[in-house]
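Accompanying notes for the structure given below.
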Amino acid sequence: MKRLDNEKNRTIDYNSGLEQLEKYYDRQFELIKKGNTDLVTLELLMLGKGLDFIRYVHKRLGISLELSEKSVERFEEVTDAFTRGVVQDELFSDETGSIAGNMSAYFGMLMIANIGGKWEDTENGAALNVNGRHAYIYDYIEKRLLGAVETDAVSYYNSVKTVRE
């Protein structure tokens with residue numbers, strides 16, 4: 001099987017396609033279960049959460065998300081649907097398995113695939129580092145779902161994109 005990570009910095013090629021990303025994640029998870037704990041990285045954790053979100057949205061809403069830039073608008077539709085219709089407890093059930101956490105991971109994957117950057121563990125939690133600037137995607141998603149910010153996903157994505165340019 002083709003390796004999707006770069007051995008030097010353990011980054012994942014998000015443009016390899018969702019099927020390949022699923023296979024890669026499953027293989028890494030199997031190796032971790034066998035004791036290769038050095039494979040447990042923030043990058044891999046976020047990949048798993050993002051893939052879970054893609055499956056969840058397809059099952060619950062019938063919307064197919066991808067990692068192409070055209071999915072930013074679809075992600076906005078999904079975010080809007082959750083903002084209007086999901087019980088708050090389900091959105092923020094716990095930090096590791098919440099819809100908000102998985103949404104954040106997917107949105108970060110989408111940005112990495114199209115804008116670049118990498119996940120970093122900071123004092124304030126996981127952040128996407130794009131050209132030395134941090135985007136705290138979970139904070140944005142949480143505020144958006146609670147109605148505390150009006151910036152739509154497309155605008156947020158474009159604001160992170162301008163950091164790259």
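The model shown is predicted, which means the values in this text are computed figures rather than measured ones.
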Test side-chain contact (heavy atoms from CB on, under 4.5 Å), reference Phe82, set Arg60, Met103, Glu77, output is Met103
Please report the C-alpha distance between Asn15 and Leu67 in whole Å, then the side-chain angles of each, then the deciding distance to 0.1 Å, and finally whether the side chain to side chain contact (heavy atoms under 4.5 Å, CB included) criterion is met.
-> CA-CA 7 Å; Asn15 293 309; Leu67 294 179; 5.7 Å; no
Nearest 0.5 Å, please: how far is [atom2] in [Y] from [atom1] in [X]?
X: Lys49; Y: Asp52; atom1: NZ; atom2: CG; value: 9.5 Å
X: Thr79; Y: Ile99; atom1: OG1; atom2: CD1; value: 11.5 Å
X: Ile137; Y: Ser104; atom1: CD1; atom2: OG; value: 7.0 Å
X: Asn131; Y: Ile115; atom1: CG; atom2: CD1; value: 10.5 Å
X: Leu18; Y: Leu51; atom1: CG; atom2: CG; value: 7.0 Å

For the side chain of [X] and the backbone of [Y], is there at least one donor-acceptor N/O pair under 3.5 Å apart?
X: Arg74; Y: Ile63; result: no
X: Thr122; Y: Gly125; result: yes
X: Tyr106; Y: Glu66; result: yes
X: Asn36; Y: Ile32; result: no

Taking the side chain as every heavy atom from C-beta outward, state whether [X] and [Y] have any atom pair closer than 4.5 Å.
X: Lys161; Y: Tyr156; answer: no
X: Lys118; Y: Ile112; answer: no
X: Leu47; Y: Met109; answer: yes
X: Lys143; Y: Leu146; answer: no
X: Asp26; Y: Phe29; answer: no
X: Asn102; Y: Tyr56; answer: no
X: Asn124; Y: His134; answer: no
X: Thr151; Y: Arg144; answer: no

Please report the shortest heavy-atom distance between [X] and [Y], naming the atom on each side.
X: Trp119; Y: Gly108; answer: CZ2-CA, 3.5 Å
X: Tyr14; Y: Ala113; answer: CB-CB, 3.7 Å
X: Leu145; Y: Ala100; answer: CD1-CB, 3.9 Å
X: Ser68; Y: Leu110; answer: O-CD1, 3.2 Å
X: Leu21; Y: Ile12; answer: CD2-CG2, 3.6 Å
X: Ala105; Y: Gly50; answer: CB-N, 3.5 Å

Please identify each residue that fulfils side-chain contact (heavy atoms from CB on, under 4.5 Å) with Asp139, with sequence neighbours left out.
-> Tyr136
May I ask you to check whether over 12 heavy atoms, not counting those of Arg55, lie within 6.0 Å of atom CZ?
-> yes
Check whether more than 12 heavy atoms from other residues, nucleotides or ligands sit under 6.0 Å from atom CD of Glu120, and answer yes or no.
-> yes
Does Arg27 come within less than 4.0 Å of Glu30, counting only side-chain N to carboxylate O?
-> no
Steps toward side chain to side chain contact (heavy atoms under 4.5 Å, CB included) verdict (Val149, Tyr140) | CA-CA 8 Å; Val149 66; Tyr140 162 73; 4.2 Å; yes
Answer yes if the side chains of Ser155 and Asp152 hold a donor-acceptor pair under 3.5 Å, and no otherwise.
-> yes
So, Glu76 and Tyr157: side-chain donor and acceptor under 3.5 Å apart, yes or no?
-> no
Please walk me through it: do Glu73 and Val154 pass side chain to side chain contact (heavy atoms under 4.5 Å, CB included)?
-> CA-CA 6 Å; Glu73 289 182 18; Val154 175; 4.0 Å; yes
Hey, what's the ring geometry for Phe75 with Phe53, parallel, tilted or perpendicular (30° and 60° as the breaks)?
-> perpendicular
